[in-house]
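Shown next, in structure tokens, is the structure this report addresses.
Residue numbers start at 1 and run along the sequence shown. Atoms within a ligand are numbered from 1 in the order they appear, just like the ligands themselves. From a predicted model like this one, the values you see are computed outputs, not experimental measurements. Values below: every heavy atom of this structure, side chains too, minus hydrogens, waters and symmetry copies.
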Amino acid sequence: MNVFDDRTVISNNMAGIYLDHSATTPTRPEVVEAMLPYMGASFGNPSSIHFYGQQAKAALDSARDILAGSIGAEPSEITFTGSGTEADNLALVGTILAYPQNRRHLITSSIEHDAILKTSAFLQTLGCRVTILPVDADGVVAPEDVAAAIGDDTALVSIMHANNEVGSIQKIAEIARITHEQGVLFHTDAVQSFGQLAVDIDQLGIDLMSVSSHKIYGPKGIGMLFVRRGTPIIAEIQGGGQERGRRSGTENVAGISGFAKAVSLLLPERAETAKRMSILRDAFIEKVLTQIPGSSLNGPIGPARLPNNINLSFDNIEGEALLLNLDIAGIAVSSGSACSSGSIEPSHVLIAMGVDTGRNRGAIRLSLGRETTELEMNTCFQVLSETASRLRAMAGHSLRA
Ligand code: PLP
């Protein structure tokens, strides 16, 4: 049986609706097919001279060409990594530590993914200066704030292309222009945006950019960092000198081939899929806000938001409770807050946007994918609406008891 014939998953004996594509996407069958040879007969090490090795090297070269072409870069500017997280780490640590002690200032924002925020905190422990910029109520960084924060010691500005929780798209072309005027490098985490928005590194003025394969229907455990030629950067992982010395370790040829396949399938359909998702997104948001009392939208509305992102709060309801009830109904979403060590951590993104504690705790994120249908969105709305009323009724009942 081919498990990929039917994309529905079975959860508690019900057909599932997957609305968590920002967490990860289903690997496309064509991607799995593209990977299989490198897990079998074509097992060579790309560093080997013999034909087994050269077969693997050819796959690696072809994948690098596809990745580079997809963003307007040269193949030599692509470094494959083990994840988007690793690409972010290499971008920050690799560039900051390439500068002398008196030029190790990093500027980033309060809504970045932990791959950036925790790496920034690590750099601080090494004595680097870090500035974390605020955002407005829509989760957008003001380019003027970037300009004001740049000092003589600034080496790198890292602002994400689009936020993973609320989908806010940042003004990165403007921010990149400002940083370049001051002779400062610009990195962007494009892990969430790459699957939905066109990314041209020259048009946007990007020096370094992180992308992750599993967010674009490719395999997990593969990412890439674009590093513009001439950018000072040192390796974090030392060893055999693979990836032009920037990331040692025998390459994951199967994963990289799958990543490239996912990109080649994505490009011709990206704009059309994004348009379709944004129509479904806007219709859903409109229905929730007008028909479910006490609901509110977190993040911007319209084109300033990632086409697949919906982040909503419901007064007097915990996001976790909604998530669990939707899960029981076979609908997979994620909550705004993160559950760690048994306690619920409010979302740092919503805090940075000034969202109050109640709304923060009531937030859920729905992220659409290339196969999401209107019927699925309608079913989700129905279940969400009924669940919200039921949870409120239960709370009211327990208050009276
Ligand atoms: N950056 C952003 C904005 C993300 O959303 C994620 C994953 O959710 C990452 C980085 C990390 O990517 P990976 O899961 O490939 O490590």
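Side-chain contact of S168 with Q170: a donor-acceptor pair under 3.5 Å is present, judged by distance alone. Of the N and O atoms on the side chains of K215 and S22, not one donor lies less than 3.5 Å from an acceptor on the other residue.
Atoms CG and CD1, on L267 and I71 in that order, are 11.0 Å from each other to the nearest 0.5 Å. In this structure, CD in E376 is found 5.0 Å from CD1 in I17, a value given to the nearest 0.5 Å.
Using a 4.0 Å cut-off between heavy atoms, I116 makes no contact with ligand 1 at all. Counting heavy atoms under 4.0 Å from ligand 1, residue H214 touches it through the side chain alone. Counting heavy atoms closer than 4.0 Å to ligand 1, residue K220 contributes nothing at all. Proximity of E86 to ligand 1, defined as any heavy-atom pair under 4.0 Å, is not found for any part of the residue.
With respect to atom 7 (C) of ligand 1, the closest heavy atom belonging to the protein is K215 NZ, 2.9 Å. Residue, atom and distance of the protein heavy atom nearest to atom 10 (C) of ligand 1 are D189 OD2, 3.4 Å. Here the heavy atom of the protein found nearest to atom 4 (C) of ligand 1 is H113 CD2, 3.3 Å. Remark: minimum distance from atom 11 (C) of ligand 1 to any protein heavy atom is reached at T85 OG1, 3.3 Å. At the top of the distance list for atom 5 (O) of ligand 1, counting protein heavy atoms only, stands Q192 NE2, 2.8 Å.
Proximity to D88 (heavy-atom distance under 4.0 Å) selects the following atoms of ligand 1: 1 (N), 10 (C). Set against the non-hydrogen atoms of S83, the atoms of ligand 1 under 4.0 Å away are 15 (O), 16 (O). Numbered from 1 in the order shown, with element, the atoms of ligand 1 that lie under 4.0 Å from a heavy atom of M160 read 3 (C). Within ligand 1, the atoms closer than 4.0 Å to a non-hydrogen atom of S212 are 13 (P), 15 (O), numbered from 1 in the order shown.
Between H187 and S210 there is a side-chain heavy-atom pair separated by less than 4.5 Å.
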Atom pairs and distances, side-chain donor-acceptor, residues 286-294, under 3.5 Å, sequence neighbours left out:
{"unit_1": "K287", "atom_1": "NZ", "unit_2": "N378", "atom_2": "OD1", "d": "3.1"}
{"unit_1": "T290", "atom_1": "OG1", "unit_2": "E286", "atom_2": "O", "d": "2.7"}
{"unit_1": "T290", "atom_1": "OG1", "unit_2": "K287", "atom_2": "O", "d": "3.3"}

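T188 contributes a side-chain N or O that, together with a main-chain N or O of I159, makes up a donor-acceptor pair within less than 3.5 Å.
Scanning both residues, S109 and V141, for their nearest heavy atoms gives CB-CG2, 3.6 Å.
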